[in-house]
Amino acid sequence: MAPKKDDYSFFANVFEVVKLIPPGRVTSYGAVAAYLGSKGSARMVGWALISSHEQNKNVPAHRVVNRTGLLTGKQHYTSPTAMQESLEKEGIRVENDQVVDFKQLFWDPAKELL
DNA sequence: ATCCTGACTTGAC
DNA sequence: GGTCAAGCCAGGA
């Protein structure tokens, strides 16, 4: 949901947005960060996702990739192929750790969610 | 308190 | 289309 105030931590905000990502779609860290208002804090989005792994949050982190569509976070998964398989499972084609038609599958919270 | 690292992004060459 | 360097914020040592 739209951040009403900064009462919630940056992480909680990331979780909300990521959980709102529709299936078969992907987004970038910068897009989420920009939606949160911290455009330059794209790294924090990834950091928040790490925390999400520790917690039992139902955050589809596999739907979040870097700007080039590269599965940068796959190495942080339990298995280096878990992320790619999860994406393919939703119908997203992944090739060489990169999302095919990433631009087409890109989901911008600032525009789509609005 | 400083220094380093990191699931990133952008601009410049 | 590549690579290099700088900026960015949070957390751990």
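Chain letters run A, B, ... following the sequence lines, proteins first, then strands; residues in each count from 1.
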TODO: Working to the nearest 0.5 Å, report the span between CD1 of A:I50 and CD of A:Q55.
DONE: 12.5 Å
TODO: Using a cut-off of 6.0 Å, state whether more than 12 heavy atoms not belonging to A:K89 lie near its atom NZ.
DONE: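 Result for NZ/A:K89: open.
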Open item on the list: Can you tell me if A:E54 has over 12 outside heavy atoms packed within less than 6.0 Å of its CD?
Closed with: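 No - once you tally the heavy atoms of other residues, nucleotides and ligands closer than 6.0 Å, there are 12 at most.
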Rounded to the Å, how far apart are [X] [atom1] and [N] [atom2]?
X      : N      : atom1 : atom2 : result
A:F102 : C:dG1  : CZ    : P     : 13 Å
A:L70  : B:dG6  : CG    : P     : 16 Å
A:L49  : B:dG6  : CG    : C1'   : 13 Å
A:Y29  : C:dC8  : OH    : P     : 21 Å
A:Q55  : B:dA7  : CD    : P     : 18 Å
A:Y77  : B:dA7  : OH    : C1'   : 9 Å
A:I50  : C:dG11 : CD1   : P     : 12 Å
A:Q98  : B:dA7  : CD    : C1'   : 15 Å

Side chain of [X] (C-beta onward), nearest among [options]:
X     : options              : value
A:M83 : B:dA7, C:dG11, B:dT9 : B:dA7
A:W47 : B:dA7, B:dT9, B:dG6  : B:dG6
A:N66 : B:dT9, C:dA10, B:dA7 : B:dT9
A:S28 : C:dG11, B:dT9, B:dA7 : B:dT9
A:R67 : B:dA7, B:dG6, B:dT9  : B:dT9
A:A42 : B:dA7, B:dG6, B:dT9  : B:dT9
A:H53 : C:dG11, B:dA7, B:dG6 : B:dA7

TODO: Please determine if A:R25 and A:E90 form a salt bridge, counting it only when a charged side-chain N lies under 4.0 Å from a carboxylate O.
DONE: no
Open item on the list: Does the structure show a Watson-Crick or G-U wobble partner for B:dT10, both distances under 3.5 Å? Name it, or say none.
Closed with: C:dA5
TODO: Assert yes or no for the condition that the ring centre distance of A:H62 to A:Y77 is strictly below 6.0 Å.
DONE: no
Open item on the list: For a quick check of understanding: with a heavy-atom distance under 4.0 Å over all strands, which category does A:A48 fall into, base, sugar-phosphate or nothing?
Closed with: nothing
